[in-house]
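Note that ligands are numbered from 1 as they come in the structure, with each ligand's atoms numbered from 1 the same way.
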Amino acid sequence: MLNIVLFGPPGAGKGTQSAKLIEKYGLIHLSTGDIFRANIKGGTELGNLAKSFIDKGQLVPDEVTIGMLAGEVNKNPGAKGFIFDGFPRTQAQAKALDELLASKSTAISMMLALEVEEEELRKRLLLRGKDSGRADDQNPEVIQNRINVYNGETMPVKDFYTAQGKYKGINGIGEIESIFTNLCQAIEA
Ligand code: ADP
(Lines give C-alpha, C1' and ligand atoms only; values in the text may rest on other atoms or scores of the structure.)
Protein backbone atom coordinates (compact mmCIF):
# COMPACT_ATOMS: atom_id res chain seq x y z
CA MET A 1 0.00 0.00 0.00
CA LEU A 2 0.97 3.61 -0.53
CA ASN A 3 0.00 5.48 2.64
CA ILE A 4 0.91 9.15 2.65
CA VAL A 5 0.62 11.69 5.44
CA LEU A 6 0.22 15.08 3.76
CA PHE A 7 1.45 17.57 6.31
CA GLY A 8 1.62 21.33 6.57
CA PRO A 9 0.13 24.34 8.32
CA PRO A 10 -3.42 25.59 7.69
CA GLY A 11 -3.52 27.09 4.21
CA ALA A 12 -0.45 25.20 2.93
CA GLY A 13 -2.42 23.66 0.05
CA LYS A 14 -3.03 20.16 1.38
CA GLY A 15 -6.59 19.93 0.03
CA THR A 16 -5.61 21.14 -3.45
CA GLN A 17 -2.69 18.76 -3.77
CA SER A 18 -4.62 15.83 -2.24
CA ALA A 19 -7.23 16.06 -4.99
CA LYS A 20 -4.50 15.75 -7.63
CA LEU A 21 -2.62 12.97 -5.83
CA ILE A 22 -5.67 10.73 -5.30
CA GLU A 23 -6.48 10.98 -8.98
CA LYS A 24 -2.98 10.09 -10.10
CA TYR A 25 -2.30 7.28 -7.62
CA GLY A 26 -5.82 5.91 -7.00
CA LEU A 27 -5.71 6.55 -3.27
CA ILE A 28 -8.50 7.18 -0.76
CA HIS A 29 -8.49 10.76 0.58
CA LEU A 30 -9.20 11.09 4.30
CA SER A 31 -9.34 14.73 5.37
CA THR A 32 -10.32 15.04 9.02
CA GLY A 33 -11.31 18.69 8.45
CA ASP A 34 -13.63 17.70 5.56
CA ILE A 35 -15.16 14.87 7.61
CA PHE A 36 -15.78 17.20 10.55
CA ARG A 37 -17.37 19.79 8.24
CA ALA A 38 -19.65 17.15 6.67
CA ASN A 39 -20.75 16.15 10.18
CA ILE A 40 -21.39 19.77 11.14
CA LYS A 41 -23.49 20.21 8.01
CA GLY A 42 -25.41 17.02 8.77
CA GLY A 43 -26.05 18.14 12.34
CA THR A 44 -24.64 14.93 13.83
CA GLU A 45 -23.57 14.60 17.46
CA LEU A 46 -19.93 14.40 16.32
CA GLY A 47 -20.44 17.55 14.24
CA ASN A 48 -21.86 19.51 17.15
CA LEU A 49 -18.96 18.50 19.35
CA ALA A 50 -16.34 19.28 16.68
CA LYS A 51 -17.90 22.68 15.92
CA SER A 52 -17.31 23.94 19.44
CA PHE A 53 -13.55 23.45 18.95
CA ILE A 54 -13.24 24.36 15.27
CA ASP A 55 -14.98 27.71 15.75
CA LYS A 56 -12.27 28.71 18.22
CA GLY A 57 -9.39 27.42 16.12
CA GLN A 58 -8.66 24.64 18.62
CA LEU A 59 -8.02 20.96 17.94
CA VAL A 60 -10.86 18.51 18.37
CA PRO A 61 -9.81 16.16 21.25
CA ASP A 62 -7.55 13.25 20.23
CA GLU A 63 -9.91 10.54 21.44
CA VAL A 64 -12.73 11.79 19.22
CA THR A 65 -10.53 12.42 16.18
CA ILE A 66 -8.69 9.10 16.40
CA GLY A 67 -11.95 7.15 16.76
CA MET A 68 -13.44 8.89 13.76
CA LEU A 69 -10.36 8.36 11.58
CA ALA A 70 -10.13 4.66 12.49
CA GLY A 71 -13.77 4.27 11.46
CA GLU A 72 -13.04 5.82 8.06
CA VAL A 73 -10.02 3.58 7.46
CA ASN A 74 -12.12 0.54 8.39
CA LYS A 75 -14.76 1.55 5.85
CA ASN A 76 -12.22 1.09 3.01
CA PRO A 77 -10.86 -2.46 3.29
CA GLY A 78 -9.72 -2.92 -0.33
CA ALA A 79 -7.93 0.46 -0.61
CA LYS A 80 -4.68 0.70 -2.62
CA GLY A 81 -3.60 3.29 -0.09
CA PHE A 82 -4.61 6.45 1.74
CA ILE A 83 -3.76 10.11 1.83
CA PHE A 84 -4.15 11.37 5.37
CA ASP A 85 -4.80 15.11 5.13
CA GLY A 86 -4.95 17.07 8.37
CA PHE A 87 -4.18 13.95 10.38
CA PRO A 88 -2.14 13.23 12.50
CA ARG A 89 -1.98 16.66 14.14
CA THR A 90 -0.56 15.52 17.49
CA GLN A 91 2.05 12.95 18.49
CA ALA A 92 -0.70 10.87 20.15
CA GLN A 93 -2.59 10.78 16.84
CA ALA A 94 0.59 9.74 15.00
CA LYS A 95 1.16 6.89 17.44
CA ALA A 96 -2.47 5.75 17.14
CA LEU A 97 -2.23 5.81 13.34
CA ASP A 98 0.92 3.65 13.38
CA GLU A 99 -0.86 1.14 15.61
CA LEU A 100 -3.99 1.11 13.46
CA LEU A 101 -2.02 0.50 10.27
CA ALA A 102 0.20 -2.13 11.93
CA SER A 103 -2.97 -4.02 12.92
CA LYS A 104 -3.73 -4.16 9.19
CA SER A 105 -0.16 -5.28 8.37
CA THR A 106 0.66 -1.99 6.67
CA ALA A 107 2.37 1.31 7.59
CA ILE A 108 2.85 4.95 6.64
CA SER A 109 5.07 5.09 3.56
CA MET A 110 6.13 8.73 3.98
CA MET A 111 5.20 12.15 5.28
CA LEU A 112 5.10 14.81 2.57
CA ALA A 113 5.25 18.25 4.17
CA LEU A 114 4.24 21.41 2.33
CA GLU A 115 6.43 24.20 3.67
CA VAL A 116 4.95 27.73 3.61
CA GLU A 117 5.83 30.65 5.87
CA GLU A 118 3.32 32.27 8.21
CA GLU A 119 2.79 35.60 6.46
CA GLU A 120 1.77 33.81 3.25
CA LEU A 121 -0.57 31.51 5.22
CA ARG A 122 -2.42 34.42 6.80
CA LYS A 123 -2.94 35.94 3.35
CA ARG A 124 -4.15 32.70 1.76
CA LEU A 125 -6.57 31.87 4.59
CA LEU A 126 -8.20 35.31 4.59
CA LEU A 127 -8.55 35.09 0.81
CA ARG A 128 -10.09 31.62 1.06
CA GLY A 129 -12.48 32.89 3.75
CA LYS A 130 -13.98 35.33 1.28
CA ASP A 131 -15.56 32.57 -0.82
CA SER A 132 -15.21 29.27 1.04
CA GLY A 133 -17.90 30.16 3.55
CA ARG A 134 -15.63 28.70 6.25
CA ALA A 135 -16.12 30.76 9.40
CA ASP A 136 -12.70 29.68 10.69
CA ASP A 137 -11.08 31.36 7.66
CA GLN A 138 -12.82 34.70 8.18
CA ASN A 139 -11.63 35.72 11.62
CA PRO A 140 -7.96 36.81 11.96
CA GLU A 141 -7.90 35.77 15.65
CA VAL A 142 -9.11 32.26 14.84
CA ILE A 143 -6.56 32.03 12.00
CA GLN A 144 -3.75 33.09 14.34
CA ASN A 145 -4.91 30.59 16.93
CA ARG A 146 -4.79 27.77 14.34
CA ILE A 147 -1.27 28.79 13.32
CA ASN A 148 -0.22 28.86 17.00
CA VAL A 149 -1.75 25.43 17.64
CA TYR A 150 0.09 24.16 14.56
CA ASN A 151 3.41 25.52 15.81
CA GLY A 152 2.89 24.18 19.34
CA GLU A 153 1.07 20.86 18.99
CA THR A 154 1.39 19.77 15.39
CA MET A 155 5.03 20.60 14.55
CA PRO A 156 6.29 17.79 16.85
CA VAL A 157 4.60 15.30 14.49
CA LYS A 158 7.39 16.17 12.04
CA ASP A 159 9.94 14.80 14.55
CA PHE A 160 7.91 11.62 14.90
CA TYR A 161 8.26 10.80 11.19
CA THR A 162 11.78 12.21 10.90
CA ALA A 163 12.83 9.67 13.54
CA GLN A 164 11.39 6.95 11.28
CA GLY A 165 13.25 8.38 8.24
CA LYS A 166 9.94 9.17 6.54
CA TYR A 167 9.89 12.98 6.44
CA LYS A 168 10.11 14.73 3.04
CA GLY A 169 9.78 18.52 2.90
CA ILE A 170 8.44 20.19 -0.26
CA ASN A 171 8.33 23.93 -0.98
CA GLY A 172 4.63 24.86 -0.89
CA ILE A 173 5.07 28.22 -2.63
CA GLY A 174 4.81 28.51 -6.41
CA GLU A 175 2.57 27.17 -9.16
CA ILE A 176 0.12 24.42 -8.15
CA GLU A 177 1.40 22.25 -11.05
CA SER A 178 5.07 22.56 -10.14
CA ILE A 179 4.39 21.78 -6.48
CA PHE A 180 2.45 18.72 -7.67
CA THR A 181 5.39 17.64 -9.85
CA ASN A 182 7.71 17.91 -6.85
CA LEU A 183 5.34 15.85 -4.70
CA CYS A 184 5.15 13.13 -7.37
CA GLN A 185 8.95 13.06 -7.62
CA ALA A 186 9.20 12.64 -3.86
CA ILE A 187 6.67 9.79 -3.94
CA GLU A 188 8.46 7.98 -6.75
CA ALA A 189 12.02 8.58 -5.50
P1 ADP B 1 -6.86 23.80 7.94
O2 ADP B 1 -7.15 24.58 6.73
O3 ADP B 1 -6.84 24.64 9.18
O4 ADP B 1 -5.69 22.87 7.82
P5 ADP B 1 -8.72 21.54 8.23
O6 ADP B 1 -9.85 21.56 7.28
O7 ADP B 1 -7.69 20.49 8.08
O8 ADP B 1 -8.14 22.98 8.20
O9 ADP B 1 -9.28 21.47 9.74
C10 ADP B 1 -10.22 22.40 10.23
C11 ADP B 1 -10.33 22.26 11.75
O12 ADP B 1 -10.78 20.92 12.07
C13 ADP B 1 -9.04 22.42 12.53
O14 ADP B 1 -8.75 23.79 12.82
C15 ADP B 1 -9.36 21.61 13.80
O16 ADP B 1 -10.19 22.35 14.69
C17 ADP B 1 -10.18 20.45 13.28
N18 ADP B 1 -9.32 19.30 12.97
C19 ADP B 1 -9.02 18.83 11.71
N20 ADP B 1 -8.19 17.77 11.78
C21 ADP B 1 -7.94 17.56 13.11
C22 ADP B 1 -7.15 16.63 13.83
N23 ADP B 1 -6.41 15.69 13.21
N24 ADP B 1 -7.14 16.71 15.19
C25 ADP B 1 -7.87 17.63 15.83
N26 ADP B 1 -8.63 18.55 15.21
C27 ADP B 1 -8.67 18.53 13.86
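With sequence neighbours excluded, the residues satisfying side-chain contact (heavy atoms from CB on, under 4.5 Å) with Lys168 are Met110, Leu112, Ala186, Ala189.
Comparing heavy-atom distances from atom 5 (P) of ligand 1 across Arg89, Lys14, Arg146 singles out Arg89 as nearest.
In Lys56, neither the side chain nor the backbone holds a heavy atom less than 4.0 Å from any atom of ligand 1. Contact annotation: for Arg37 versus ligand 1, heavy atoms closer than 4.0 Å belong to the side chain alone. Of all the heavy atoms of Lys51, none lies under 4.0 Å from any atom of ligand 1, so neither backbone nor side chain is involved. By the criterion of a heavy-atom distance under 4.0 Å, the side chain of Thr65, and not its backbone, is placed next to ligand 1.
Applying the 6.0 Å contact sphere to CD1 of Ile176 captures no more than 12 heavy atoms from other residues, nucleotides or ligands.
At the shortest separation from atom 2 (O) of ligand 1 among protein heavy atoms lies Arg128 NH2, 2.8 Å. Of all protein heavy atoms, the one lying nearest to atom 17 (C) of ligand 1 is Ile54 CG1, 3.8 Å. Regarding atom 8 (O) of ligand 1, its nearest protein heavy-atom neighbour is Arg134 NH2, 3.2 Å. Protein heavy atom at the shortest distance from atom 20 (N) of ligand 1 is Thr32 OG1, 2.7 Å. Of the protein's non-hydrogen atoms, the one nearest atom 15 (C) of ligand 1 is Gln58 O, 3.6 Å.
The contact set between ligand 1 and Gln93, taken as ligand atoms under 4.0 Å from a residue heavy atom, comprises 22 (C), 23 (N), 24 (N), 25 (C).
Considering backbone and side-chain N/O atoms, Phe36 never comes within less than 3.5 Å of an N/O atom of ligand 1. At least one N or O atom of Val60 sits closer than 3.5 Å to an N or O atom of ligand 1.
When hydrophobic clusters are built by joining Ile, Leu, Val, Met, Phe, Trp and Tyr residues whose side-chain heavy atoms come closer than 4.5 Å, directly or via intermediates, Met111 is not grouped with Phe180.
A salt bridge does not link Lys20 to Glu23: none of the charged nitrogens lies less than 4.0 Å from a carboxylate oxygen. Salt bridge Lys95/Asp98: absent, no basic N to carboxylate O contact under 4.0 Å.
Counting only residues at least two apart or in different chains, ring pair (Phe, Tyr, Trp, His ring centres under 6.0 Å) contacts with residues 40-85 comprise Phe82-Phe84.
Within the 6.0 Å centre-distance limit, the rings of Tyr150 and Phe7 are counted as a close aromatic pair.
The heavy-atom pair separating Leu97 from Pro88 by the smallest distance is CD2-CD, 4.0 Å.
Side-chain N or O atoms of Asp137 include none that pairs as donor or acceptor with a backbone N or O of Leu126 at under 3.5 Å.
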